[in-house]
Amino acid sequence: MSAIRVRASGPLAGSVPIGGAKNSVLKLLAATLLAPGEHVLRNVPAIVDVECMSELLRTMGCTVERFEPHALRIVRPETITPEAPYELVERMRASIVVLGPLLTREGRARVSLPGGDDFGSRPIDMHLKGLEMLGARFTTAHGYIEAEAAELHGTRVTLEYPSVGATENALMAAVLAKGTTVIDNAAREPEIWDLASFINRMGGRILGAGTSTITVEGVSPDELSGVEHTVVADRIEAATYLTAVAVAGGEIVLEGARADHMDMLIQKLGDMGLRTSPDPAGLWAMAPPRLRAVDVATLPYPGVATDYKPLMVTMLAVADGVGIVTENIFRGRFRYVDELVRMGADIRTDDHHAIVRGVDRLSGAPVRAPDIRAGAALVIAGLRADGETVVHDAEHIDRGYEDLVGRLRALGADVEHA
Ligand code: UD1
């Protein structure tokens, strides 16, 4: 169990590096299963979830080595064991995306049913349905999915909802399917586009990634080979530092951030009074003396991401006025609100809405991080809380952030590992 101690800080100043996206690199690692050979991924953040996915690849027989602080070399041998054990899948839900590449390359897979972040039920029915349309067959027994597909065939896969994970599984499975697959109502997240770019470099033929209609022309296994790829910038990590400056005040530069992947968020933050501008180094941001409240609803990309929500709620907690936050993706994802309330925030939740009445300052308190993003949001709340805030269960934060404490300190925040 680790903890982070925070004291009131600000204004923040300086530059902060934004690393590769957690939600991309985990899927890119799964995609290496498509092609035997050596793959190199650059701009890989040093976070626990990457270690977890690397461990999963190793249990299948791959070699994964961090040969530079932010680069991984993955050697995927010809023969692997297409199995994802409970111990690893349980630690990280994203591991379910090995299903698509394993099925299409190995013709079979055995994957534990996932656990993951503790915010409501996260079913995988759409993942399975998409793969079934391509010709896969599933049985479940003893907590495992047993999947089989002598051969996958290209077809039209219409997703009931633009699920990120279901899109990724269908996309990867289609890469080696016979014929053409069209994925309709596909998720449009930048991480999907990054995954398609990586696979296209390997020799895949994917068109339209980043739009709602993705077309995949199946290729034969010997057309794919290991390649080098740089992971797209993490828009959620960038949003985290934007929140830090918005809450604590000041002016910072987010090095390597992709403003074009955060349009809707930047628009919302602009409405709240935060000034931003694309910068040659990434993105510049300056806080107003006091944020203004706005309403916000989470939606699939390009809408405001569900991952931004704890950050938005934290900003609204210290903004001038009342904001209504609506969660449309994961209904149970308001657990951190009780922790913010313990810090003096005025928030009422009702089903999938939160009504946030801004207060000028919060009050430092011991709190508990329920998941990655909420954990980071609580640390940031501490920047505008009188006295001391200690965020317990901070190991959740290390799953998705490289050195959050060090990077905030470099911007002038009074924060340390407790
Ligand atoms: C989601 C987010 C993603 C975020 C990630 C990590 C969306 C659309 N997706 O991706 O931006 O980075 O969490 O926090 O915001 N669903 C089903 N059946 C399925 C799959 C999904 O009912 O088989 C539902 C989920 O319960 C949820 C919605 O569809 O309500 C979106 O799920 P999905 O996009 O798949 O989630 P992640 O891939 O985890």
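Counting convention: from 1, in listed order, for ligands and their atoms alike.
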Engineer: Do any nitrogen or oxygen atoms of Asn23 lie less than 3.5 angstrom from nitrogen or oxygen atoms of ligand 1?
Structural biologist: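 It does: an N or O of Asn23 is found under 3.5 Å from an N or O of ligand 1.
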Engineer: Out of Pro123, Ala21, Ala94, whose heavy atom sits nearest atom 19 (C) of ligand 1?
Structural biologist: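 Going through Pro123, Ala21, Ala94 one by one, Pro123 has the nearest heavy atom to atom 19 (C) of ligand 1.
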Engineer: Looking at Glu146 and Arg137, is there a salt bridge between them, counting it only when a charged N and a carboxylate O are closer than 4.0 Å?
Structural biologist: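 Here Arg137 does not pair with Glu146 in a salt bridge, since their nearest N and O are not under 4.0 Å apart.
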Engineer: Where on Glu189 is there a heavy atom closer than 4.0 Å to ligand 1, on the side chain, on the backbone, on both, or on neither?
Structural biologist: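 Answer for Glu189: side chain.
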Engineer: So, are Glu339 and Arg368 salt-bridged, with charged N and O less than 4.0 Å apart?
Structural biologist: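 Salt bridge: no.
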Engineer: Between Ser163 and ligand 1, is there a nitrogen or oxygen pair with a distance under 3.5 Å?
Structural biologist: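 Yes, at least one N or O pair falls under 3.5 Å.
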Engineer: If I apply the N/O under 3.5 Å rule, does Pro300 come out as touching ligand 1?
Structural biologist: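 The answer is no, given that Pro300 and ligand 1 share no N or O pair closer than 3.5 Å.
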Engineer: Any non-hydrogen atom of Ala187 lying under 4.0 Å from ligand 1?
Structural biologist: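 Under 4.0 Å: no for Ala187.
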Engineer: Heavy-atom pairs closer than 4.0 Å: do any link ligand 1 to the side chain of Ile329, the backbone, both, or neither?
Structural biologist: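 Both parts.
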Engineer: Would you mind checking if Glu402 and Arg407 are paired as a salt bridge, meaning a charged N to carboxylate O distance below 4.0 Å?
Structural biologist: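 Salt bridge present between Arg407 and Glu402.
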Engineer: With a 4.0 Å cut-off on N to O distance, would you call Glu416 and Arg5 a salt bridge?
Structural biologist: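 Salt bridge between Glu416 and Arg5, a charged N being under 4.0 Å from a carboxylate O: yes.
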Engineer: Going by distance alone, is a donor N or O of one side chain under 3.5 Å from an acceptor N or O of the other, for Ser24 and Asp194?
Structural biologist: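 Ser24 vs Asp194: donor-acceptor pair found between side chains.
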Engineer: Indicate, as side chain, backbone, both or neither, the part of Asp307 found under 4.0 angstrom from ligand 1 when only non-hydrogen atoms are considered.
Structural biologist: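 It is the side chain that gets close, since no backbone atom is under 4.0 Å.
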Engineer: Heavy-atom distances under 4.0 Å are what count here, so tell me which part of Ala305 touches ligand 1: side chain, backbone, both or neither.
Structural biologist: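 Within the 4.0 Å criterion, Ala305 makes no contact with ligand 1.
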Engineer: Within the structure, does Thr306 bring an N/O atom to less than 3.5 angstrom of an N/O atom in ligand 1?
Structural biologist: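 So ligand 1 has no N or O lying under 3.5 Å from an N or O of Thr306.
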Engineer: Examine the side chains of His127 and Asn169 and answer whether a donor and an acceptor come within less than 3.5 Å of each other.
Structural biologist: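 Looking only at side-chain atoms, Asn169 and His127 do form a donor-acceptor pair, the distance falling under 3.5 Å.
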Engineer: Could you list which atoms of ligand 1 come closer than 4.0 Å to a heavy atom of Tyr161?
Structural biologist: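 Taking each heavy atom of Tyr161 in turn, ligand 1 has 28 (C), 29 (O), 31 (C) under 4.0 Å.
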Engineer: Quick one: do His229 and Met202 satisfy side chain to side chain contact (heavy atoms under 4.5 Å, CB included)? Show the steps, please.
Structural biologist: CA-CA 10 Å; His229 179 81; Met202 284 163 62; over 6 Å; no
Engineer: Salt bridge between Glu223 and Arg205, side-chain N to carboxylate O under 4.0 Å?
Structural biologist: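 Yes, Glu223 and Arg205 are salt-bridged.
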Engineer: Report, in ascending order of atom number, the atoms of ligand 1 lying under 4.0 Å from any heavy atom of Gly165.
Structural biologist: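 Heavy-atom distances to Gly165 below 4.0 Å select 35 (O), 38 (O).
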Engineer: Under a plain distance cut-off of 3.5 Å, with no hydrogens placed, do Tyr308 and Thr298 share a side-chain donor-acceptor pair?
Structural biologist: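 No - no donor-acceptor pair under 3.5 Å links their side chains.
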Engineer: Quick check: does Ala166 get an N/O under 3.5 Å from an N/O on ligand 1?
Structural biologist: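 No; every N/O pair is 3.5 Å or more apart.
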Engineer: Using distance alone, decide if ligand 1 has a nitrogen or oxygen within less than 3.5 Å of any nitrogen or oxygen in Phe330.
Structural biologist: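 It does not: no N or O of Phe330 is found under 3.5 Å from an N or O of ligand 1.
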Engineer: So, Arg42 and Glu68, do they make that salt bridge, N to O below 4.0 Å?
Structural biologist: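 Salt bridge: yes.
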Engineer: Below 4.0 angstrom from a heavy atom of Met126, which ligand 1 atoms are there? Numbered from 1 as shown, please.
Structural biologist: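 It comes down to these atoms of ligand 1: 16 (N), 17 (C), 18 (N), 19 (C), 22 (O), 23 (O).
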